[in-house]
Amino acid sequence: MGLRYLIIGNSAAGIFAAETIRGLDSIGKITMISKEDCLPYSRCLTSYFIGKEISEEGMYIRNKDFYTQTGIDFIGGNVERVDPDSRCVWLDNGEKVNYDKLLIATGASPFSPPLEGSDMEGVFQLRTSADAKAIAEFAPKVKTAVVMGAGLVGLKGAHGLHELGIKVTVVGSAPYLMRYSTDPESSEVLIKLLEKDGYRILLNTKAERILGEKNSNGRMSVSGVVLNTGEHISCQMVLKAIGVRPNVQLVEGSGVFVNKGIVVDDEMETYVKDIYAAGDVAEADDFLTGEKSVSALWPTATEQGIIAGCNMAGLKRRYRGSLALNSAVICGVGLISAGIMNLPPGEGLVLKAVEPKKSFYRKFVIKDGRLIGMIMVGNIEGAGILSSLIRKKAKVDINYLNYLLTSPVKYHGYFPTGEGRE
């Protein structure tokens, strides 16, 4: 009799883990449980669905026969708790599912501080395909919208609404856009692009409360937002995109160790034997710092899912650590950043080049003769070469990096170092 593999979650980490397990174990029983009873889809594409740039089917990352073809028993439901002693999980409907190897890939959920008026009609969050469908259905009633949060999710949501002709104001508490992916200079380039395209961007600002009025159905519906600056913005929709928190509730009291996320080792195994975690719920090693962190990125989730799947099926593989790697297209201009974008003052060396009129910006962060971070806005060709240098922890000559600041990034078969090698 084959092993019983149980995977909780059907997004990136869960799907890639399941495919990896099946590739290594053709007879093991794979069961997948997800409270999203639907085909696997990409959360990265939900904003394009809102903006009518893709269809609902365009969000899917696997076809309608995926579960059957992969031999996965899919259960639509919510896992309430994990019981390691009995090697089983309990669903909120009382159903019990046994396992030999368990992967927790439950992702994260939107989080924002309590805000008066959040329960009114017209207040949304953007995490799931159901969220995207609800926003798209409500959008015809909307002329103006306020997006709370100037991170990647907030900007993607703003893009979807903007594509529908809705006037959008983005409100962010941070001093610059996408603070985990940019720096002040690159943020300024992106803000100018957004403002030129009709967006309004308000940073260092917070919403204090949401205003409402009774609609024709007698329900309270959004009519505006009051900011901490005292400004009142009239709108019919509020999209809350302030942050996310790992979905760790199901392991409370189980002995599985949780810090910010579920802490795992370099095989993606938790401190409880045969229980693994991957994706936005996992707290794993950071590639550059070696410290534990949660990396809520799609590429990270897929890689962690594959590593977890290998080790669950008996093929030992080590996770090298997560590397911050973000990409976006803002008003037709590409942005890619990787590694450590901002160092404390006096630590390391920073090279920069900016051409605002061309919406061009590059920044390289160097420490101990190695490239540890970069930002590219505008001409992003060759970004993969630079992120590979970060991954390899290669020593690179400062003069050569200075040349790459304003020149095309191409692979020449070598990268000169300070040791004089060619």
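Side chains included, hydrogens not; waters and symmetry mates left out as well; all remaining heavy atoms used. The chain is numbered in sequence order, starting from 1.
Every residue two or more places apart in sequence or in another chain was checked for a ring pair (Phe, Tyr, Trp, His ring centres under 6.0 Å) with Tyr60, and none qualifies. For Arg62, the salt bridge (charged side-chain N to carboxylate O under 4.0 Å, His left out) partners are Glu19, not counting sequence neighbours. Annotation: side chain to side chain contact (heavy atoms under 4.5 Å, CB included) contacts of Leu193 (sequence neighbours excluded): Leu190, Cys331, Val333, Ser359. Partners of Ser112 by side chain to side chain donor-acceptor pair (under 3.5 Å), not counting sequence neighbours, listed by chain and number: Lys240. By the ring pair (Phe, Tyr, Trp, His ring centres under 6.0 Å) test, Tyr99 is found to be paired with no residue, residues two or more places apart in sequence or in another chain being considered. Considering only residues two or more places apart in sequence or on other chains, Glu355 meets the salt bridge (charged side-chain N to carboxylate O under 4.0 Å, His left out) condition with Lys358. Phe360 is linked by a ring pair (Phe, Tyr, Trp, His ring centres under 6.0 Å) to nothing, counting only residues two or more places apart in sequence or in another chain. Under the rule for a side chain to side chain contact (heavy atoms under 4.5 Å, CB included), the partners of Lys273 that lie at least two apart in sequence or sit in another chain are Glu269. Partners of Arg245 by side chain to side chain donor-acceptor pair (under 3.5 Å), not counting sequence neighbours: none found.
Salt bridge status for Lys96 with Asp83: absent, with no side-chain N to carboxylate O gap under 4.0 Å. Salt bridge status for Glu347 with Lys367: present, with a side-chain N to carboxylate O gap under 4.0 Å. Under a 4.0 Å N-O distance rule, the pair Asp280/Arg127 qualifies as a salt bridge.
No donor-acceptor pair closer than 3.5 Å links the side chain of Asn402 to the backbone N or O of Asn399. Using modelled atom types, one side-chain atom of Arg362 and one backbone atom of Leu404 make a donor-acceptor pair closer than 3.5 Å. Between the side chain of Asn379 and the backbone N or O of Pro408 there is no donor-acceptor pair closer than 3.5 Å. Side-chain atoms of Ser254 do not come within 3.5 Å of backbone N or O of Glu252 as any donor-acceptor pair. Listed for the Asp25 side chain is no donor-acceptor partner under 3.5 Å among the backbone atoms of Ala313. Looking at Lys29, its side chain never comes within 3.5 Å of a backbone N or O of Gly2 through a donor-acceptor pair. Side chain of Asn228 to main chain of Thr205: no donor-acceptor pair is present (N/O by atom type, distance under 3.5 Å, no hydrogens or angles). The main-chain N or O of Gly71 is found under 3.5 Å from a side-chain atom of Arg22 such that the two form a donor-acceptor pair.
Pairing each heavy atom of Leu401 with each of Phe364, the nearest pair is O-CE1, 3.3 Å. Here the closest non-hydrogen pair linking Cys235 and Thr144 is CA-OG1, 3.1 Å. Taking both residues in full, the closest heavy atoms of Ser181 and Ser337 are given as O-OG, 2.8 Å, listed atom of the first, atom of the second, then distance. Minimum interatomic distance between Ala150 and Gly172 (heavy atoms only, all atoms of both residues): CB-CA, 3.9 Å. Heavy-atom minimum distance, Ala145 versus Leu161: CB-CD1, 4.0 Å. Residue Leu288 comes nearest to Ile372 through the heavy atom pair CD1-O, 3.3 Å, listed as atom of the first residue, atom of the second, then distance.
Rounded to the nearest 0.5 Å, atoms CD1 (Ile375) and CE (Met341) are 6.0 Å apart. Distance check, rounded to the nearest 0.5 Å: CD1 of Ile33 to CG of Asn10 gives 11.0 Å. Leu6 CG to Asp73 CG: the interatomic distance, rounded to the nearest 0.5 Å, is 10.5 Å. Considering CG of Leu371 and OG of Ser388, their distance stands at 10.5 Å, rounded to 0.5 Å. Note that CE of Met312 and CG of Leu24 are 11.5 Å apart. Values are rounded to the nearest 0.5 Å.
Leu91 places a side-chain heavy atom less than 4.5 Å from the side chain of Ile75. You'll find the side chain of Met59 reaches within 4.5 Å of the side chain of Ile54, heavy atoms only. Using a 4.5 Å heavy-atom threshold, the side chains of Ile21 and Ile7 count as touching.
Remark: the Asn247 side chain and the Thr106 side chain contain no N/O donor-acceptor pair separated by less than 3.5 Å.
Around the CD atom of Glu381, the shell of radius 6.0 Å holds no more than 12 heavy atoms that belong to other residues, nucleotides or ligands. Around atom OH of Tyr180, no more than 12 heavy atoms belonging to other residues, nucleotides or ligands sit under 6.0 Å away.
The aromatic rings of Tyr48 and His159 lie perpendicular to each other, with more than 60° between the two planes, well past the 30° mark.
The side chain to side chain donor-acceptor pair (under 3.5 Å) analysis of residues 307-322, with sequence neighbours excluded, yields the pairs Asp266-Arg318, Glu267-Lys316, Gln304-Tyr319. The salt bridge (charged side-chain N to carboxylate O under 4.0 Å, His left out) contacts involving residues 168-188 comprise Asp183-Lys363, Glu185-Lys352, where partners must be two or more places apart or lie in separate chains. The stretch residues 287-300 participates, sequence neighbours left out, in these salt bridge (charged side-chain N to carboxylate O under 4.0 Å, His left out) pairs: Asp285-Lys292.
Checked against Leu203 for a side-chain contact (heavy atoms from CB on, under 4.5 Å), the options Leu177, Val171, Val170 give a single hit: Leu177.
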